Novice: 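First the structure, then my questions, so here it is.
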Amino acid sequence: MADDPMFTAVLDSLLDCLAFFELCDDETLHPDIAVQQLEDVADRLSGLEPSDRARLAAAIAARAESLRPQYRQFVEEAPEAFGLLDEDD
């Protein structure tokens, strides 16, 4: 996965969009719109097959290691927040 430029580009784009919805201030984007977008993404991602959710969660965790602190915290919490982890994880 890490060697797949297309996967990396899509993952980074997804994380950037999700971070924008989560971290932008209320004057930039209405909070209800941000919440709706985040919930829509969580719904789609949680519907993936368990093996795909696990692959995506692992890729997100790997990407988080190289990010600045505020963004890193959001990315580290993303797998759980977006339904990628099984309840046992």
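All of these numbers come straight from a predicted model, not from anything done at the bench.
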Novice: Of all the heavy-atom pairs spanning Ala81 and Ala42, show the shortest one and how long it is.
Specialist: O-CB, 4.1 Å
Novice: Tell me, with the steps shown, if Glu49 and Arg53 meet side chain to side chain contact (heavy atoms under 4.5 Å, CB included).
Specialist: CA-CA 6 Å; Glu49 292 294 320; Arg53 289 195 317 267; 6.0 Å; no
Novice: Are Asp43 and Phe82 side-chain neighbours, meaning at least one heavy-atom pair lies under 4.5 Å?
Specialist: no
Novice: Looking only at heavy atoms, which two atoms of Arg72 and Glu65 are closest? And how far apart?
Specialist: NE-O, 4.1 Å
Novice: Out of curiosity, Glu39 CD to Phe21 CZ, how far, rounded to the nearest 0.5 Å?
Specialist: 12.5 Å
Novice: Can you list the steps and then say if Leu15 with Tyr71 is a side chain to side chain contact (heavy atoms under 4.5 Å, CB included)?
Specialist: CA-CA 9 Å; Leu15 293 174; Tyr71 190 62; 3.6 Å; yes
Novice: What verdict does the side chain to side chain donor-acceptor pair (under 3.5 Å) test give for Ser13 and Asp16, after you've listed the backbone C-alpha separation in whole Å, the side-chain angles of each residue and the deciding distance to 0.1 Å?
Specialist: CA-CA 5 Å; Ser13 297; Asp16 287 344; 5.6 Å; no
Novice: In terms of hydrophobic clustering (I, L, V, M, F, W, Y; side-chain heavy atoms under 4.5 Å; direct or indirect links), are Leu18 and Leu29 co-clustered?
Specialist: yes
Novice: Would you compute the distance between atom CG of Leu45 and atom CG of Leu14 and round it to the nearest 0.5 angstrom?
Specialist: 6.0 Å
Novice: Which distance, rounded to the nearest 0.5 Å, do you find between the CD of Gln73 and the CZ of Arg68?
Specialist: 13.0 Å
Novice: Would you tell me whether Asp32 and Gln36 have side-chain atoms, one donor and one acceptor, within less than 3.5 Å of each other?
Specialist: no
Novice: Does Val41 belong to the same Ile/Leu/Val/Met/Phe/Trp/Tyr cluster as Phe7, with side-chain heavy atoms less than 4.5 Å apart forming each link?
Specialist: yes
Novice: Distance-only, no hydrogens or angles: does the Thr28 side chain make a donor-acceptor pair with backbone N or O of Cys24 under 3.5 Å?
Specialist: no
Novice: Are side-chain heavy atoms of Met6 and Val10 found at a separation under 4.5 Å?
Specialist: yes
Novice: With side chain to side chain contact (heavy atoms under 4.5 Å, CB included) as the test, would you mind laying out the steps for Leu11 and Leu56 before giving the verdict?
Specialist: CA-CA 8 Å; Leu11 177 62; Leu56 186 53; 3.8 Å; yes
Novice: Is Leu67 close to Phe74 at the side-chain level, that is, under 4.5 Å between some pair of heavy atoms?
Specialist: no
